[in-house]
Amino acid sequence: LGRMTIESQYGSTSFRVEEYKRPKFSASFESLAEAYSLGDEIEVQGKAMGFAGNAIDGATVNFRVVREISYPWIPWYYYDRYFPKSGEQQEIAQGEVQTDSEGNFIVKFTATPDLSLDKKNNPAFTFKITADVVDISGETHSASKSIKLGYLGFETSIELPEATDRSEALSLTIDTRNLDGQFQATE
């Protein structure tokens, strides 16, 4: 164990050798159970489970929620003049929770939009949640999840055939999805 060097007539390189520590558990976020809108309080459930199938009980979970801004496609020559840069970040929430006896934890935050932005430009907000789960031995594992929300509740796409005969009925497919890409039923 320690710092090692390999040398040859062509040069050398150094590296460190450390003892391998097998991870004992993993952390993850679950899929959202319901649809949310801007301004809603969002609850995201996570889980810390041992690789032996045991729940990680009483672990400390430090979480952080960051909001990023993005816009629909816009020609580049309009972008700098009229819109703030996509990707601007702002911390929305942070905190600490504990895992329960089943290894579950819940991160709660309000999906606050940036009210200084004009709604007519259809900004979308991606809320990036990261959680570091630390068990009683100090082992740490991270989980992350992104939730995309906007003033428009969903995106619609329409599939049309390349060519069609006017005398026949037109066959088309309309697909609606939320901003996270999940199917969204609508009329």
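The residues of the chain are indexed from 1 along the displayed sequence.
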Linked, directly or transitively: Leu32 and Phe109 (ILVMFWY side chains, under 4.5 Å): yes
CG on Leu117 to CD1 on Ile69, rounded to 0.5 Å: 4.5 Å
Over all atoms of both residues, closest heavy-atom pair of Gly103 and Ala55: N-CB, 3.5 Å
Derivation of the side chain to side chain contact (heavy atoms under 4.5 Å, CB included) call for Val107 and Lys145: CA-CA 11 Å; Val107 173; Lys145 181 167 188 65; over 6 Å; no
Flag side-chain contact, heavy atom, 4.5 Å: Val66 against Phe127: no
Val65 and Glu91, any side-chain heavy atoms less than 4.5 Å apart: no
Spatial distance of atom OG1 (Thr126) from atom CD (Gln89) [nearest 0.5 Å]: 10.0 Å
Flag side-chain contact, heavy atom, 4.5 Å: Val44 against Ile106: no
Pair Glu30, Gln45: side-chain N/O donor-acceptor within cut-off below 3.5 Å: no
Donor-acceptor side-chain pairing of Asp132 and Ser142 below 3.5 angstrom: yes
Inter-residue atom distance Glu68.CD - Ser146.OG, 0.5 Å rounding: 8.0 Å
CA sep, side-chain torsions, deciding dist, call: Arg64, Gln94, side-chain hydrogen bond (donor to acceptor under 3.5 Å, both in side chains): CA-CA 4 Å; Arg64 182 172 186 242; Gln94 66 173 337; 5.7 Å; no
Within one Ile-Leu-Val-Met-Phe-Trp-Tyr cluster: Leu1 and Ile6, side-chain cutoff 4.5 Å: yes
Exam field: side chain Asp165 to backbone Glu168, donor-acceptor pair closer than 3.5 Å: no
In one Ile/Leu/Val/Met/Phe/Trp/Tyr side-chain cluster, 4.5 Å: Ile92, Phe105: yes
Greater than 12 external heavy atoms within 6.0 Å of Glu41's CD: yes
Pair listing, salt bridge (charged side-chain N to carboxylate O under 4.0 Å, His left out) test, anchored in residues 94-104, at least two apart: none
Neighbour count >12 (heavy atoms, 6.0 Å) for atom CG, Leu170: yes
Chi angles and distances behind the side chain to side chain contact (heavy atoms under 4.5 Å, CB included) call for Thr140, Val133: CA-CA 5 Å; Thr140 304; Val133 181; over 6 Å; no
Flag for Ser14-Thr5: side-chain donor and acceptor within less than 3.5 Å: yes
Shared hydrophobic cluster, Met49 / Ile56 (ILVMFWY, side-chain heavy atoms < 4.5 Å): no
Aromatic ring proximity Phe29/Phe63, centre distance under 6.0 Å: no
Validation row: Thr110, Ile42 side chains within 4.5 angstrom (heavy atoms): no
Heavy-atom closest pair, residues Pro113 and Gly39: CD-N, 4.4 Å
Least distance between heavy atoms, Ser171 atom then Pro161 atom: O-CD, 3.3 Å
Nearest-0.5 Å distance, CG of residue Asn122 to OH of residue Tyr151: 10.0 Å
CA sep, side-chain torsions, deciding dist, call: His141, Glu139, side chain to side chain contact (heavy atoms under 4.5 Å, CB included): CA-CA 7 Å; His141 291 281; Glu139 185 175 336; 2.6 Å; yes
Donor-acceptor pair, side chain of Thr176 and main chain of Ala185, under 3.5 angstrom: no
Side chain to side chain contact (heavy atoms under 4.5 Å, CB included) between Gln90 and Phe125, intermediate numbers included: CA-CA 11 Å; Gln90 181 178 6; Phe125 303 96; over 6 Å; no
Thr130 side chain near Asn62 side chain, heavy-atom distance below 4.5 Å: no
OG1-CG distance between Thr112 and Leu115, expressed to the nearest 0.5 angstrom: 8.0 Å
Nearest heavy-atom neighbours spanning Thr99 and Ala59: OG1-N, 2.8 Å
Aromatic centroids of Phe25 and Phe51 separated by under 6.0 Å: no
Contact check, side chains of Leu149 and Ile147, non-hydrogen atoms, under 4.5 Å: yes
Inter-residue atom distance Met4.CE - Phe15.CZ, 0.5 Å rounding: 6.5 Å
